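Below: one structure, written as structure tokens.
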Amino acid sequence: MAEILVLVDHVEGTPKKASYELLTLARTLGEASAVVLGKGATQAADKVGAYGPAKVYVSEAAELSDFLVGPKAAVLAQLVADKSPAAVLIPSNAEGKEIAARLAVKTGSGLLTDAVGVSAELVAEQQIFGGAVAVQSKVATGTPIITVRPNSTAPVEQPSSPEIEQVSATFSEADKAAKVVESVVEAKGGRPDLGEASIVVSGGRGMGNAENFSIVEALADSLGAAVGASRAATDAGWYPHQNQVGQTGRTVSPQLYVAVGISGAIQHRAGMQTSKTIVAINKDPEAPIFELADFGLVGDLFTVVPQLTEEITKRKG
Amino acid sequence: MNIVVLVKQVPDTWAERKLKADDKTLDRASVDVVMNEIDEYAVEEALKIKEAGEGEVTILTMGPERAVETIRKALSMGADKAVHLVDDALAGSDAVQTSYALAKVLETLEYDLLICGSEATDSRMSIMAALLAERTGKPQLSGARKVTVEGGNVTIERQTDNGYDVVQAATPAIVSVVEKINEPRYPSFKGIMAAKSKPLTTLSIADAGIEAGQVGLAAAPSQVVEFANKPPRQAGQIVKDEGDGGSKVAEYLASQKIV
Ligand SMILES: Cc1cc2nc3c(=O)[nH]c(=O)nc-3n(C[C@H](O)[C@H](O)[C@H](O)COP(=O)(O)OP(=O)(O)OC[C@H]3O[C@@H](n4cnc5c(N)ncnc54)[C@H](O)[C@@H]3O)c2cc1C
Ligand SMILES: Nc1ncnc2c1ncn2[C@@H]1O[C@H](COP(=O)(O)O)[C@@H](O)[C@H]1O
């Protein structure tokens with residue numbers, strides 16, 4: 001069976017859910033191999049065995065964490081040359097897409113980004129123009145390199161005892177051109193990752209100030225959701241920039257998106273309009289967010305949201 | 001410090017965007033077009049860096065004839081000159097091919113910094129800085145919400161999923177910016193008048209040494225097999241709060257089996 005390489009996205013040894021989704025998807029396309037890179041890779045390699053890879057390629061070379069993107073693309077390029085996989089699957093987040101881009105150039109291959117599905121013939125489905133058009137695309141040159149959005153497949157466990165192979169990589173000067181001198185964590189911890197959460201609750205300018213975001217957080221916690229924000233809210237300093245949803249923030253595609261005090265500007269929609277179900281709470285009946293809401297509530301968020309939170313907590317018992 | 005800014009012309013995101021039935025490429029002719037919004041921030045950042053020292057800002061665009069309108073806008077903001085790569089042979093090029101063509105033009109320009117936007121609103125790929133860094137061998141400083149140039153070094157704050165990374169490289173470097181970085185200026189009347197006489201070089205693929213067989217739809221390494229327009233999202237139920245709004249939302253979520 002053809003080998004399918006999956007780049008595992010992990011945070012210091014803990015794989016993200018998207019990695020398990022990709023391993024599950026890869027098993028439908030051929031024989032899945034996981035590629036785990038950077039600090040904590042050995043730890044992450046142990047965990048991915050639950051999702052059925054036949055092999056795990058590991059490298060903890062310091063360059064992988066010390067320099068931006070280039071070294072990761074270099075290891076993958078080396079694996080593509082050595083193993084001739086049928087395809088490479090990479091999680092579609094900012095870094096994943098950039099790794100894929102450099103890999104495409106290094107290997108002379110075609111690249112498809114933001115797939116929401118991949119067929120056995122390696123045809124990828126993409127949704128473009130805010131979900132208005134569904135496109136089926138394929139790679140015509142080289143090794144298909146496909147980045148796949150989180151929440152595209154449900155992860156299914158399949159315990160395996162993969163063979164673990166240490167990869168020794170060599171890096172060019174160009175791979176090591178951009179040095180990461182510091183990594184600063186700003187996000188609030190404890191809630192699901194915005195990009196992967198199946199429910200996202202976002203607050204906008206209607207929240208009024210930073211303290212009031214606790215109203216959105218309480219609703220999010222009752223639903224087990226991640227918290228997002230509009231640009232108006234992040235620019236005002238009410239919530240961290242990392243939580244911005246939209247064109248220049250994160251793109252989310254959860255089962256449920258709740259927009260609280262958000263008008264629904266086109267740049268905000270760009271990041272959330274492919275959500276499965278959209279609920280909007282806004283006091284202005286003319287707010288454009290209602291055009292795409294499956295359920296819209298016209299009302300004051302300061303009374304509606306606490307009541308909703310209480311109701312959900314009650315129902316969940 | 002000489003800076004090249006990549007500016008793309010894109011369909012207005014408010015307009016209905018379509019793929020053409022025949023060759024399955026973006027219909028760029030029948031829609032209103034604008035400068036890719038984030039590219040205004042790229043131009044602004046270049047102008048600010050230039051104004052703090054000296055040097056020239058050059059706009060580089062690959063796109064059809066009418067992209068000249070967008071180039072003029074960048075010039076009216078204050079850029080010094082522009083290069084427009086335009087050739088029918090380029091139509092339908094994908095991102096990987098576009099990076100090849102732009103890299104070819106870059107070989108003919110001298111620059112300490114290349115600045116582009118983080119994402120084009122039509123393709124939404126956010127990979128041009130990475131593609132060009134790989135092609136040119138220059139450092140990739142992408143996703144910057146802050147750029148500091150000191151001597152021969154550029155340092156950026158790169159937004160990450162849980163904070164930011166401080167990333168550093170020597171010039172010449174390739175930077176992409178997000179909209180947090182600045183507030184773009186509006187072209188002044190004087191700027192608009194001055195833009196009309198600023199140098200604009202038009203290049204064909206032959207002028208830039210681009211091989212015809214490497215670009216365009218037929219040679220594209222990624223290809224659209226088919227597409228389907230989906231029915232627009234229908235607005236759902238809209239309910240006015242009568243004191244039980246929160247419960248109404250909870251009922252809806254329960255009816256959808258979400259809670
Ligand atoms: C280059 C560029 C990139 C951008 N990228 C993004 C992006 O990534 N993400 C993003 O979100 N935006 C982005 N924007 C900004 C976007 O254009 C809007 O300005 C922004 O989304 C507005 O945020 P908002 O909806 O919270 O604020 P507003 O538009 O001011 O809306 C606030 C809403 O809250 C409602 N409200 C107020 N009080 C209450 C109350 N008590 N109860 C209920 N409702 C209430 C109001 O009726 C109103 O509809 C970008 C803009 C540019 C130019
Ligand atoms: N055809 C083009 N001409 C000039 N610049 C471009 C072109 N395509 C992309 N860019 C630049 O690359 C950035 C990112 O685009 P993308 O990777 O396509 O999302 C844009 O903001 C532009 O600055």
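Sequence lines set the chain letters: A, B, ... in the order given, protein chains first and strands last, and positions in each chain run from 1. Note that the structure is a prediction, hence the values are computed from the model and not measured.
With a 4.5 angstrom heavy-atom cutoff, A:Ala293 touches chain B only via backbone atoms. Only the side chain of A:Gln127 comes within contact range of chain B, with at least one heavy atom under 4.5 Å from a heavy atom of that chain. Contact of A:Leu223 with chain B is made through the side chain alone, with heavy-atom distances under 4.5 Å. With a 4.5 Å cut-off on non-hydrogen atoms, B:Ala220 touches chain A through its backbone but not through its side chain. If you measure heavy-atom distances from A:Val279 to chain B, the contacts under 4.5 Å come from the side chain alone. Contacts between B:Leu253 and chain A at a heavy-atom distance below 4.5 Å involve the side chain alone, from C-beta outward. Contact annotation for A:Glu182: both backbone and side-chain heavy atoms come within less than 4.5 Å of a heavy atom of chain B. If you measure heavy-atom distances from B:Gln159 to chain A, the contacts under 4.5 Å come from the side chain alone. With a 4.5 Å cut-off on non-hydrogen atoms, B:Thr155 does not touch chain A at all. With a threshold of 4.5 angstrom between heavy atoms, A:Gln244 approaches chain B through side-chain atoms but not through N, CA, C or O. Contact of A:Thr251 with chain B is made through the side chain alone, with heavy-atom distances under 4.5 Å. Residue B:Glu119 touches chain A through its side chain alone, counting heavy-atom pairs closer than 4.5 Å. For B:Val239, the parts lying near chain A are the backbone and the side chain together; criterion is any non-hydrogen pair under 4.5 Å. Of the two parts of A:Leu256, only the side chain, counted from C-beta on, holds a non-hydrogen atom closer than 4.5 Å to a non-hydrogen atom of chain B. Neither the backbone nor the side chain of A:Val305 comes within less than 4.5 Å of any heavy atom of chain B. With a 4.5 Å cut-off on non-hydrogen atoms, A:Ser183 touches chain B through its backbone and its side chain both. For A:Leu297, the parts sitting under 4.5 Å from any heavy atom of chain B are the backbone and the side chain alike. Both the backbone and the side chain of A:Ile278 have a heavy atom closer than 4.5 Å to some heavy atom of chain B. For B:Ile156, no part lies under 4.5 angstrom from a heavy atom of chain A. Residue contact with chain B, scored on non-hydrogen atoms closer than 4.5 Å, involves the side chain of A:Leu112 exclusively. Within the 4.5 angstrom heavy-atom criterion, only backbone atoms of A:Lys276 (N, CA, C, O) approach chain B.
Note: A:Ala177 leads A:Ala73, A:Gly110, A:Ala177 in heavy-atom pairs under 4.5 Å with chain B. Note on A:Lys106, A:Lys314, A:Lys316: by heavy-atom pairs under 4.5 Å with chain B, the leading option is A:Lys106. Counting heavy-atom pairs under 4.5 Å between each of A:Leu68, A:Leu292, A:Thr113 and chain B puts A:Leu68 at the top. For chain B, the option among A:Gly299, A:Ala174, A:Ala101 with the highest count of heavy-atom pairs below 4.5 Å is A:Ala101. Most heavy-atom pairs under 4.5 Å with chain A, from the set B:Arg158, B:Gln256, B:Lys138, B:Lys240: that is B:Arg158. With respect to chain A, the highest number of heavy-atom pairs below 4.5 Å among B:Val259, B:Val96, B:Leu19 belongs to B:Leu19. Of the residues considered (A:Val139, A:Ile145, A:Val181, A:Ile99), A:Val181 shows the highest number of contacts with chain B, using heavy-atom pairs under 4.5 Å. Counting heavy-atom pairs closer than 4.5 Å to chain B, the top residue among A:Glu291, A:Arg269, A:His241 is A:His241.
Within a 6.0 Å sphere centred on CD of B:Gln214, heavy atoms belonging to other residues, nucleotides or ligands number more than 12.
Not one N or O on the side chain of B:Gln168 forms a donor-acceptor pair closer than 3.5 Å with the backbone of A:Lys179. Formation of a donor-acceptor pair under 3.5 Å by the B:Glu37 side chain with backbone atoms of A:Gln267 is not found in this model. Using modelled atom types, one side-chain atom of B:Arg124 and one backbone atom of A:Ala270 make a donor-acceptor pair closer than 3.5 Å.
Minimum heavy-atom separation, B:Ala169 to A:Ala178: CB-CA, 4.2 Å. Of all the heavy atoms in B:Tyr164 and A:Gln242, the pair that sits closest is N-NE2, 4.5 Å. In terms of heavy atoms, B:Gly243 sits closest to A:Gln307 at O-NE2, 3.0 Å. When all heavy atoms of B:Pro221 and A:Thr141 are compared, the closest pair comes out as CA-OG1, 3.3 Å.
Side-chain contact between A:Gln255 and B:Ile258: absent, with no pair of heavy atoms (C-beta onward) separated by less than 4.5 Å. Considering only heavy atoms from C-beta on, A:Lys138 stays 4.5 Å or farther from B:Ser222 through its side chain. Side chains of B:Asp241 and A:Val298 form no contact here, defined as non-hydrogen atoms less than 4.5 Å apart. No side-chain heavy atom of A:Asp294 sits less than 4.5 Å from a side-chain heavy atom of B:Gln237. You'll find the side chain of A:Asp235 reaches within 4.5 Å of the side chain of B:Lys180, heavy atoms only. The shortest distance between side-chain heavy atoms of B:Ser247 and A:Leu308 does not fall below 4.5 Å. Using a 4.5 Å cut-off on side-chain heavy atoms (C-beta onward), A:Thr277 and B:Tyr252 make contact. Annotation: side chain of B:Glu251 is in contact with side chain of A:Arg315 (closest heavy-atom distance under 4.5 Å).
The closest side-chain donor-acceptor pair between A:Gln247 and B:Glu179, if any, does not fall under 3.5 angstrom. Using modelled atom types, one finds a donor on one side chain and an acceptor on the other under 3.5 Å when comparing A:Glu98 with B:Gln140.
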(message) Let's go through B:Asn162 and A:Asp193 carefully: what are the C-alpha distance in whole Å and the side-chain angles of both, what is the deciding distance for side-chain contact (heavy atoms from CB on, under 4.5 Å) to 0.1 Å, and is it a yes or a no?
(response) CA-CA 9 Å; B:Asn162 61 359; A:Asp193 179 78; over 6 Å; no
(request) Determine, stepwise, if the pair A:Val135 / B:Val225 fulfils side-chain contact (heavy atoms from CB on, under 4.5 Å). (result) CA-CA 8 Å; A:Val135 176; B:Val225 185; over 6 Å; no
(message) Pair A:Glu311, B:Lys248 - check side-chain contact (heavy atoms from CB on, under 4.5 Å), show working.
(response) CA-CA 10 Å; A:Glu311 192 68 34; B:Lys248 284 268 162 56; over 6 Å; no
(request) For the pair B:Ile38 and A:Thr248, evaluate side-chain contact (heavy atoms from CB on, under 4.5 Å) and give the outcome as yes or no after the intermediate values. (result) CA-CA 8 Å; B:Ile38 303 172; A:Thr248 40; 3.1 Å; yes
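Atom CD1 of A:Ile128 is separated from atom CG of B:Asp122 by 9.5 Å, given to the nearest 0.5 angstrom. The structure places OG of B:Ser123 at 9.5 Å from CG of A:Asp114, a figure rounded to the nearest 0.5 Å.
Salt bridge A:Arg250/B:Asp161: present, at least one basic N to carboxylate O contact under 4.0 Å.
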